[in-house]
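Worksheet for the structure shown next.
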Amino acid sequence: MVKHPVTPLLNQFLNFSTISQWNSSIREAVNHGYAHKALTLFRQMKQNGVEPNNWTFPFLAKACTKVSNFKCSQIIHSHVMKSPFWSDVFVQTAMVDMYVKCNQLDDAYNLFVRMSMRDVASWNAILHGFAQSGFLDTVSHLLHDMRFSGIQPDSVTVMGLTRGVLHTKSLKLVKSLHSFAIQIGIDVDVLVANTWIAAYAKCGDLGLAEVVFNEIDIVTRTVVSWNSMIAGCANFANFFGAVNYYKCMLQEGFRPDLSTIVSLLSSCVQPEALFQGMLIHSHGIKLGCDLYICVVNTLVSMYSKCGDVDSARFLFDSMSDRTCVSWTVMISGYAEKGDMNEALTLFNAMEATGDIPDLVTMLSLISGCGQIGALELGKWIDNYSISNGLKDNLIICNAFIDMYAKCGCINDARELFYAIPVRSLVSWTTMIAGCALNGEFTEALNLFTQIVELGLKPNHITFLAALQACSHGGLLEKGWEYFGMMTRKYNISPGVDHYSCMVDLLGRRGKLKEALEFIHLMPIKPDAGIWGALLGACKVHRNVEIGEYVSHRLFELEPHVAVPYAEMANIYASKGRWDGVAAIRTMMKSNKVRKSPGQSLVQVKGKTHIFTVEHRDHPEGRLIYMMLDSLNLHLKKARLQLSSEADMNRSEATLFSS
DNA sequence: GTAGGGTTAG
């Protein structure tokens, strides 16, 4: 990735005579982000007959850490081993770090244990390696050995460990590292504080991040401190907070940089944030940030997430250079919109360009297929993933389980699920949700029991899936059981979706009053989803009184959404209350509500067919609607038969009771 | 002029 657009120094013809001149140019290249250039300079230097010294190798190793390239690390390794400086502590520490950054933890550790002398930097390099690979037990042993050998951890140790454990998203770990640092009395400089801000924000506690930020002296704060707070807000999709910090940093006289713009843009992820996103875009242009590929990628992502896919595409088309991320953000822009045809076209274009799709690219395609039920494309992507060795990845497998379940192929989903050697909680949760969606309620609940038996801890999403199974299956008692279990046994406070499932369950059973009481007792504010669930139940049970109350809550919350009006009108109509129907019509007119016709999508042989309520202009419409009419007829017959059987049973029952 | 350090895109 081009980080600095201009390279005056590096494009000159270089012909130095002294080693220190070569070293300076190599260091310059590394510091400017031109790792490959540094290696080329090294080769030129050797060609010119100048031998490297003990200063050369640490520079080279650092260059290699920046590109994280296995081959480069091997080349540097062989040069170091041939040189007289292979036992120098500076050189060796740089090599340990290089291996760590090139994902060669074994090589790093082998070198580390062979070092005859280690200083705090050497320990930090290896600790960081084990921390980011998730070997926390080894980290704690090494930390013990380090202190035992008389070397005290310093602020770099703490920063490395904090960053290393971030992938766990464990607030507990970050807090314990924080208190460890205070305990051993490390010097909390602005760099350490910045690390903590980012760490707390990433682990979900923006409040603590803010506490750390406020503790830094105003004059000590750097642009990174501000960026970290802005990025923290972005983690919570809080564009209001992000812009607030941005305004403050401008007032304090800071000059925003690339990270500031990227973080600000990534806080805009919903249509309401589009205007804000456009403003930040213009600030980015003024600052010259739009020359950087990562900023443009973020812009493309911002526009598509805010619903303006056309602007995203315009920017994407104008890019002279693209990375895998550029393609991925644009592909997922279309996939999230449900336009899988365009997503696939771009995917093919990406391959034709020679850019290689990665895990995220595939994930957005797979989830897009699930969203619109594009089964055939989904199967094609499945085959593609198998031939590209991506199917071994657990995250990809989970995505396919979800996709197949959403496409109604629960058997394919199940087959995949059982083929996974080691299933994660996400695999189980996805499968439960899939069963719930496909009407296999007993299996969903069985899977839940198995999770608990395996000793896995269900999370709030697992509970949501289980509650959805209960709600779709009308299993009220089981629903209460899970609802109680999540709060009491697992200490998970129910979110709005969990409450929504319970309301749905009560509503389906006709317990409308109970459902309403339940809503009134909720500790969180009911949203449109909850009221909508209850209104749906009022429609089924033809309850005008509660329906009126509920629909008015919905009219307040979302006055322009047509569905509640239509449902309430239906309730009135089912009771012959034509005055009510008329009143709803008037209300819709005065609130300027327009009912968009319902659409149904189906994919056959890769082609998407769209059906709307008003139009019957499909080329094979005659046949399709004839078939639908015949199905309807069958359903009506079946229903009649059922009710006559029920009547028979009832009369038999009365016969025997009398 | 050497090694281990802060923020940052999907």
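In what follows, chains carry the letters A, B, and so on, assigned in the order in which the sequence lines appear, proteins first and then strands, with residues in each chain numbered from 1.
Counting non-hydrogen atoms under 4.0 angstrom, A:Val262 reaches the backbone sugars and phosphates but no base. Within the 4.0 angstrom heavy-atom criterion, only backbone atoms of the sugar-phosphate kind lie near A:Ser228; the bases stay farther away. In this structure, A:Val120 reaches the bases: a heavy-atom distance under 4.0 Å links it to at least one base atom across the strands shown. Nucleic acid contact for A:Thr260: none, since no nucleic acid atom lies under 4.0 Å from a heavy atom of the residue. At the heavy-atom level, A:Val156 lies under 4.0 Å from base atoms of the strands shown. Within 4.0 Å (heavy atoms only), A:Ser364 reaches no atom of the nucleic acid at all. Within the nucleic acid shown, A:Ser122 has no heavy atom closer than 4.0 Å to any nucleic acid atom.
Rounded to whole angstrom, the span from the CE atom of A:Met302 across to the P atom of B:dA9 amounts to 15 Å. Look at CG on A:Asn227: it is 14 Å from P on B:dG6, rounded to the nearest Å. In this structure, NZ of A:Lys66 is placed 9 Å from P of B:dG4, rounded to the nearest angstrom. Spacing between atom CG of A:Asp154 and atom C1' of B:dG4 amounts to 8 Å, rounded to whole angstrom units. Per the geometry, CG belonging to A:Asp189 stands 14 Å off P belonging to B:dG5, to the nearest Å. For A:Phe112 and B:dG4, the CZ to P distance is 15 Å, given to the nearest whole Å. Distance CD (A:Gln92) to P (B:dG4): 14 Å, rounded to an integer number of Å. If you measure from atom CG of A:Leu60 to atom P of B:dG1, you get 19 Å, rounded to the nearest angstrom.
In the set B:dG4, B:dG5, B:dT8, the nucleotide with an atom closest to the side chain of A:Met159 is B:dG5. Distance from the side chain of A:Ala121 is smallest for B:dG4 among the nucleotides B:dG4, B:dT7, B:dA9. Minimum atom distance to the side chain of A:Thr222 is reached by B:dG6, of the listed B:dA9, B:dA3, B:dG6. Ranking B:dG1, B:dA9, B:dG5 by closeness to the A:Ser155 side chain, first place goes to B:dG5. The nucleotide whose nearest atom lies closest to any side-chain atom of A:Ser266 is, among B:dG10, B:dT7, B:dG6, B:dG10.
Side-chain contact annotation: A:Ser155 with A:Asp187, donor-acceptor N/O pair under 3.5 Å absent. A donor and an acceptor atom, one from each side chain of A:Glu28 and A:Ser25, are nowhere located under 3.5 Å apart. With 3.5 Å as the limit, one finds a donor-acceptor pair spanning the side chains of A:Thr323 and A:Ser326.
Panel note: side chain A:Ser83, backbone A:Phe85; a donor-acceptor pair is recorded below 3.5 Å.
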(request) Run the numbers on A:Asp402 and A:Lys406 for salt bridge (Lys or Arg N to Asp or Glu O under 4.0 Å), then give the verdict. (result) CA-CA 6 Å; A:Asp402 183 61; A:Lys406 284 193 175 134; 3.0 Å; yes

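Look at A:Lys202 and you won't find any side-chain N or O under 4.0 angstrom from OP1 or OP2 of B:dT7. Here A:Lys101 reaches the OP1 or OP2 of B:dG5: one of its side-chain N or O atoms lies under 4.0 Å away. Applying the 4.0 Å criterion to OP1 and OP2 of B:dG6, one finds that A:Arg163 has a side-chain N or O inside that range.
Aromatic stacking is marked for A:Trp55 over B:dG1, as both cut-offs hold: 5.5 Å for the centres and 30° for the planes.
The base of B:dG10 lies outside donor-acceptor range of the side chain of A:Ser301, with no N or O pair under 3.5 Å. Between the side chain of A:Thr93 and the base of B:dG4, no donor-acceptor pair under 3.5 Å is found. Counting distance only, with no hydrogens placed and no angle test, the side-chain atoms of A:Thr157 and the base atoms of B:dG4 include no donor-acceptor pair under 3.5 Å. Counting distance only, with no hydrogens placed and no angle test, the side-chain atoms of A:Asp358 and the base atoms of B:dG10 include a donor-acceptor pair under 3.5 Å.
Between A:Phe130 and A:Phe135, the ring-plane angle classifies as perpendicular under the 30° and 60° cut-offs. Using a 30° and 60° split on the angle between ring planes, A:Tyr200 and A:His178 fall in the tilted class, from 30° to 60°.
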